[in-house]
Amino acid sequence: RAGEGGVKGKLANLALSGGWRKRCASSFQLRFLLTAGLSHGVIRGMKTPFALVTLLTTLAVPSGLPLFSQEKTTPAGIDVSAKPIEGAEVIIDGSRGMLDEKWIYWEGPRFASAMPIKWQIVEDPIDGGTCVMTDDPVAEGGKYGTADIVTKKPYRDFRLHIEFLIMNPRGNSGVYLQNRYEIQIFDGDKTKHGMGAVINESESPYEAYRGIGKWNAYDLVFRAARFVDGKMTEKPLVTMYFNGKKVHTNQVINKVWGGPNSGVDGGNEDGFGITDTPQGLKLQCEGHDVRYRNAWLKELNLEKADTDF
């Protein structure tokens, strides 16, 4: 057909010369080039698998533009106001009834409060409705462990979504996976002990934090440690999105940090003596005005050591 030789020649020369790299700004354009090649017989004329693979490799690999993307896309419903996924259990809905039904104080070595839970149900100052405030006077001055709350139900592997609001500068709380491993909530701290860090295990993804007076969301998948005959064979792992941005991927957790007042097993072998027991989700009280809402959790059974989602 008229012009066929010209199209074939241009496509072939473009691919072989490497000029396609300058012209293909996206994987979409690269796929268009290959489609055009197929329609005009450039690729159909390659009679061996080796020749075709050579061309595909030449086109795709040097540019870093995948023909068929293998990267996981960001899942929907992970940012603020995300709806519970199918099979999830709501554990905080901003009501007193649910707080009393599903939570108790963690009675660790530093516990200084008493039931019923003194945390308050207060107005959501941003979106209306109500939320839970970490308010217990015994924790004033940063005395963590004196009035922390934990779910009555223990968990092993799970997906968790939880939203928090810090009302004042340097506001501090924390989300403890299995009442052991803290995901830090700490305004102003950008260190490995700071906002969004798997405490002392990862850097702080502080750039994902929206700041005081704004709702933030952690959405994560956690896989508990695995044991054989009482000995740990696989360490805990967590993958986390912070306000819709993936900030941790299969982060290994080596120990319980903070000592016995911090959480379960914190006093065992300097935190390395993790035991094979499921535990509840814990929220920390340090005497600051930090608020929680829209928390839900789905139990999982992760046979493979992979929490990426």
**OP:** Determine, for W215 and R293, whether the Lys NZ or Arg CZ falls below 6.0 Å from the six-membered ring centre while staying within 45 degrees of the axis.
**Re:** yes

Original post:
What about the rings of Y218 and F242, do their centers lie closer together than 6.0 Å?
Top reply: yes

Original post:
Is it true that a side-chain atom of K83 and a backbone atom of S81 form a donor plus acceptor pair closer than 3.5 Å?
Top reply: no

Subject >> R291 and E163 ion-paired at < 4.0 Å >> reply: no

**OP:** For N268 and T275, run side chain to side chain contact (heavy atoms under 4.5 Å, CB included): C-alpha distance rounded to whole Å, both residues' side-chain angles, the deciding distance at 0.1 Å, then the answer.
**Re:** CA-CA 9 Å; N268 292 346; T275 54; 4.0 Å; yes

Subject >> R156 side chain to T277 side chain, donor-acceptor N/O pair below 3.5 angstrom >> reply: no

Original post:
If you measure from OG1 on T307 to CZ on F309, what distance do you get to the nearest 0.5 Å?
Top reply: 8.0 Å

Original post:
Charged N to carboxylate O under 4.0 angstrom, D187 versus R170?
Top reply: no

Original post:
Is there a side-chain contact between I166 and Y209, using heavy atoms and a 4.5 Å cut-off?
Top reply: yes

**OP:** Answer yes or no: is there a side-chain heavy-atom contact under 4.5 Å between N250 and D306?
**Re:** yes

Subject >> Minimal non-hydrogen separation, K298 against A88, with atom names >> reply: CB-CA, 4.0 Å

Subject >> Closest non-hydrogen atom pair, R180 against V256 >> reply: O-CG1, 3.4 Å

Original post:
Mind checking whether I185 and I91 sit in one hydrophobic cluster, side chains of I, L, V, M, F, W, Y counted as touching below 4.5 Å?
Top reply: yes

**OP:** Would you check if T146 and C285 make a side-chain contact, meaning some heavy-atom pair closer than 4.5 Å?
**Re:** no

Subject >> Residue pair V80, N216: steps toward the side chain to side chain contact (heavy atoms under 4.5 Å, CB included) verdict >> reply: CA-CA 6 Å; V80 167; N216 295 269; 5.6 Å; no

Original post:
Taking atom types as modelled, is there a side-chain donor on Y292 or S173 under 3.5 Å from an acceptor on the other?
Top reply: yes

**OP:** With sequence neighbours excluded, tell me which residues meet salt bridge (Lys or Arg N to Asp or Glu O under 4.0 Å) with D270.
**Re:** K255

**OP:** Answer yes if I162 and M195 sit in the same cluster of Ile, Leu, Val, Met, Phe, Trp and Tyr residues linked by side chain heavy atoms under 4.5 Å apart, and no otherwise.
**Re:** yes

Original post:
Between V138 and A147, which heavy-atom pair has the shortest distance, and what is it?
Top reply: CG2-CB, 3.7 Å

Subject >> Common cluster, V150/L160, ILVMFWY with side-chain heavy-atom separation under 4.5 Å >> reply: yes

Original post:
Any donor-acceptor pair under 3.5 Å linking the side chain of S262 with the backbone of W257?
Top reply: yes

Original post:
Can you check side chain to side chain contact (heavy atoms under 4.5 Å, CB included) on M167 and V290, steps first, answer last?
Top reply: CA-CA 6 Å; M167 295 297 292; V290 179; over 6 Å; no

**OP:** Evaluate the criterion side chain to side chain contact (heavy atoms under 4.5 Å, CB included) for residue pair V221 and V238; output intermediate values, then yes/no.
**Re:** CA-CA 6 Å; V221 168; V238 65; over 6 Å; no

**OP:** Keeping the roles fixed (side chain from Q178, backbone from P278), state whether a donor-acceptor pair exists under 3.5 Å.
**Re:** no

Original post:
How would you list all residue pairs meeting ring pair (Phe, Tyr, Trp, His ring centres under 6.0 Å) that involve residues 107-130, not counting sequence neighbours?
Top reply: Y105-F111

Original post:
Same cluster or not: are I117 and V132 linked, directly or through other Ile, Leu, Val, Met, Phe, Trp or Tyr residues, by side-chain heavy atoms under 4.5 angstrom apart?
Top reply: yes

**OP:** Rounded to the nearest 0.5 Å, what's the gap from OG1 on T151 to NZ on K282? Could you check?
**Re:** 11.5 Å

Original post:
With the 4.5 Å side-chain cut-off for hydrophobic clustering, are F164 and L177 part of the same group?
Top reply: yes

Original post:
Taking all non-hydrogen atoms of both residues, which atom of W103 and which atom of L281 are closest, and how far apart?
Top reply: CZ3-O, 3.4 Å

Original post:
When you check the gap from the basic side-chain N to the acidic O, do E299 and K153 get nearer than 4.0 Å?
Top reply: yes

Original post:
Counting distance only, does the side-chain N/O of H248 pair as donor-acceptor with the main-chain N or O of G196 below 3.5 Å?
Top reply: yes

Original post:
Could you go step by step and tell me if D79 and Y241 meet the side chain to side chain donor-acceptor pair (under 3.5 Å) rule?
Top reply: CA-CA 8 Å; D79 205 341; Y241 290 82; over 6 Å; no

**OP:** Answer whether the closest heavy-atom distance between the side chains of F158 and L220 falls below 4.5 Å.
**Re:** yes

**OP:** Using a strict 4.0 Å threshold on nitrogen-to-oxygen distance, state whether R159 and D219 make a salt bridge.
**Re:** yes

Subject >> Side chains of Q120 and T134 in contact at under 4.5 Å (non-hydrogen atoms) >> reply: no

Original post:
Do R110 and D148 sit within salt-bridge range, that is, some charged N less than 4.0 Å from a carboxylate O?
Top reply: no

**OP:** Going by the side-chain hydrogen bond (donor to acceptor under 3.5 Å, both in side chains) test, name the single residue among Y144, Y176, W106 that passes it with Q284.
**Re:** Y176

Subject >> Note, I199 side chain near I183 side chain (heavy atom, < 4.5 Å) >> reply: no

Subject >> Close side-chain approach of I274 to F272, heavy-atom, < 4.5 Å >> reply: no

**OP:** State whether the side chain of N243 and the backbone N or O of A208 hold a donor-acceptor pair below 3.5 Å, judged by distance alone.
**Re:** yes

Subject >> Sequence-distant partners of K235, side chain to side chain donor-acceptor pair (under 3.5 Å), two or more places apart >> reply: N254

Original post:
Closest approach of V252 and L237, non-hydrogen atoms and distance?
Top reply: CG2-CD2, 3.6 Å

Original post:
Hey, are the side chains of L297 and P84 touching, using non-hydrogen atoms and a 4.5 Å cut-off?
Top reply: no

Subject >> Salt-bridge contact K152-E101 (side-chain N to carboxylate O under 4.0 Å) >> reply: no

**OP:** Would you name the heavy atoms of I126 and G213 that are closest together and state the gap between them?
**Re:** CD1-O, 3.2 Å

Original post:
Can you name the one residue among K304, R226, R223 that meets salt bridge (charged side-chain N to carboxylate O under 4.0 Å, His left out) with E234?
Top reply: R223

Original post:
Could K246 and D308 be called an ion pair, given the rule that one side-chain N must be under 4.0 Å from one carboxylate O?
Top reply: yes

Subject >> Value rounded to 0.5 Å, distance of CG in D135 from CD in E140 >> reply: 10.0 Å

**OP:** Begin with the C-alpha distance, continue with both residues' side-chain angles, and end with the deciding distance and a verdict on salt bridge (charged side-chain N to carboxylate O under 4.0 Å, His left out) for K190 and E207.
**Re:** CA-CA 9 Å; K190 302 179 182 180; E207 69 282 356; over 6 Å; no

Subject >> Centroid-centroid under 6.0 Å between Y155 and F222 rings >> reply: no

Original post:
When rounded to the nearest 0.5 angstrom, what is the spacing between OG1 in T130 and CD1 in I121?
Top reply: 6.0 Å

Subject >> Main-chain N/O of C131 paired to D124 side chain as donor or acceptor, under 3.5 Å >> reply: no

Subject >> From L165 atom CG to D289 atom CG, the distance as rounded to the nearest 0.5 Å >> reply: 7.5 Å

Original post:
Can you tell me how far the CD atom of Q184 sits from the CD atom of E201, to the nearest 0.5 Å?
Top reply: 13.5 Å

